[in-house]
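FYI, side chains are in, hydrogens and waters are out, and symmetry mates aren't considered; it's all heavy atoms of this structure. FYI, the numbering just counts along the sequence from 1.
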Amino acid sequence: QVQLVESGGGLVQAGGSLRLSCAASGRTFSTSAMGWFRQGPGKEREFVAAIKWRRSGDNLYYGDSVKGRFTISGDNAKNTVYLQMNSLKPEDTAVYYCAASSTLRVGVRKNDEYDYWGQGTRVTVSS
């Protein structure tokens with residue numbers, strides 16, 4: 001059984017920063033990519049960022065709404081991924097989910113790419 005555990009969520013004022021972490025545990029497995037999604041109140045789950053592991057240098061992907069403010073990083077060997085969130089806005093308020101893909105298939109921006117999901121960590125940005 002594989003588990004993804006997120007941490008680092010909380011309450012922050014607009015303009016502030018938070019750093020989310022996600023670590024995989026359980027049976028040994030390799031990931032091709034890991035990503036972050038979020039779901040705000042009354043909204044559909046939205047792609048935030050993803051990292052595709054590459055020997056020649058990892059590929060990074062961002063949703064349009066977070067580009068320039070959020071940074072994804074990680075450690076392939078440890079199946080760990082981080083999301084540094086700066087210049088937070090009230091519209092960033094959501095539950096943030098970590099996800100892991102064992103085999104690349106439909107694209108890292110899509111929910112169906114991922115085999116495993118975390119339980120989510122809540123981020124609240126006050127105005």
Side-chain angles (χ1 to χ4, degrees):
Q1 188 74 10
V2 173
Q3 284 188 317
L4 300 180
V5 179
E6 304 101 333
S7 61
L11 173 64
V12 64
Q13 287 189 332
S17 299
L18 282 175
R19 185 175 189 245
L20 305 184
S21 300
C22 173
S25 63
R27 67 172 178 85
T28 302
F29 76 109
S30 62
T31 58
S32 298
M34 295 185 73
W36 290 95
F37 288 73
R38 69 185 182 186
Q39 189 164 14
K43 298 181 180 179
E44 294 186 352
R45 189 168 295 189
E46 174 191 18
F47 169 73
V48 176
I51 185 167
K52 189 186 296 184
W53 313 117
R54 288 283 185 267
R55 292 181 185 273
S56 58
D58 302 326
N59 293 346
L60 307 181
Y61 304 83
Y62 295 97
D64 289 341
S65 60
V66 307
K67 202 172 296 183
R69 299 187 298 122
F70 291 10
T71 303
I72 189 170
S73 62
D75 186 330
N76 187 10
K78 297 180 180 179
N79 285 333
T80 301
V81 67
Y82 307 97
L83 185 68
Q84 178 66 43
M85 306 187 294
N86 298 330
S87 302
L88 283 161
K89 304 175 181 180
E91 50 264 44
D92 294 319
T93 295
V95 177
Y96 284 71
Y97 297 92
C98 173
S101 169
S102 59
T103 304
L104 298 175
R105 40 181 88 89
V106 298
V108 296
R109 297 175 184 272
K110 299 182 179 180
N111 291 335
D112 291 346
E113 173 68 24
Y114 299 92
D115 304 284
Y116 306 104
W117 292 83
Q119 293 297 311
T121 185
R122 185 173 299 276
V123 172
T124 303
V125 184
S126 63
S127 57

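- Put simply, the side chain of Gln119 never gets that close to the backbone of Glu6: no donor and acceptor are under 3.5 Å apart.
- A donor-acceptor contact closer than 3.5 angstrom links the side chains of Ser65 and Glu46.
- Other residues, nucleotides and ligands place more than 12 heavy atoms under 6.0 Å from the CZ atom of Arg105.
- Taking every heavy atom of both residues into account, Trp53 and Thr31 meet most closely at NE1-OG1, 2.9 Å.
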Contacts under 3.5 angstrom, residues 7-17 side chains, donor-acceptor by atom type, not counting sequence neighbours:
from	atom 1	to	atom 2	distance (Å)
Ser17	OG	Asn86	OD1	2.9

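- Under a cut-off of 6.0 angstrom, the local environment of CD in Glu91 is crowded, with over 12 non-hydrogen atoms contributed by other residues, nucleotides or ligands.
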Please report, to 0.1 Å, the donor-acceptor pairs under 3.5 Å made by any side chain of residues 18-25, with sequence neighbours excluded.
none

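- The nearest pair of heavy atoms linking Val106 to Glu113 is N-OE1, 2.8 Å.
- Note: the hydrophobic cluster containing Leu4 does not contain Val95 (ILVMFWY, side chain heavy atoms under 4.5 Å, direct or indirect links).
- Taken together through direct or relayed side-chain contacts under 4.5 Å among Ile, Leu, Val, Met, Phe, Trp and Tyr, Phe47 and Tyr116 form parts of separate hydrophobic clusters.
- Closest heavy-atom contact between Cys98 and Met34: SG-CE, 4.0 Å.
- When all heavy atoms of Arg69 and Leu88 are compared, the pair lying nearest together is NH1-CA, 3.9 Å.
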Evaluate the side-chain contact (heavy atoms from CB on, under 4.5 Å) criterion for residues Ile51 and Trp36: first the C-alpha distance (whole Å), next the side-chain angles of each, then the deciding distance (0.1 Å), finally the verdict.
CA-CA 9 Å; Ile51 185 167; Trp36 290 95; over 6 Å; no

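- Hydrophobic clustering places Phe70 together with Val81 (ILVMFWY residues linked when any side-chain heavy atoms are closer than 4.5 Å, directly or through intermediates).
- Using cut-offs of 30° and 60° on the angle between ring planes, the pair Tyr97 and Trp117 is perpendicular.
- Tyr114 places a side-chain N or O within donor-acceptor distance of the main-chain N or O of Val108, the cut-off being under 3.5 Å.
- Around NZ of Lys43, the count of heavy atoms belonging to other residues, nucleotides or ligands within 6.0 Å does not exceed 12.
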Distance-only donor-acceptor hits, side chain of residues 54-62, under 3.5 Å, sequence neighbours excluded:
from	atom 1	to	atom 2	distance (Å)
Asp58	OD1	Arg54	N	3.0
Tyr61	OH	Lys52	NZ	3.1
Tyr62	OH	Ile72	N	3.0

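- With salt bridges taken as basic N to acidic carboxylate O contacts below 4.0 Å, none links Asp92 and Lys89.
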Dump the intermediate steps for side-chain contact (heavy atoms from CB on, under 4.5 Å) on Arg38 and Val66, then the final yes or no.
CA-CA 11 Å; Arg38 69 185 182 186; Val66 307; 3.9 Å; yes

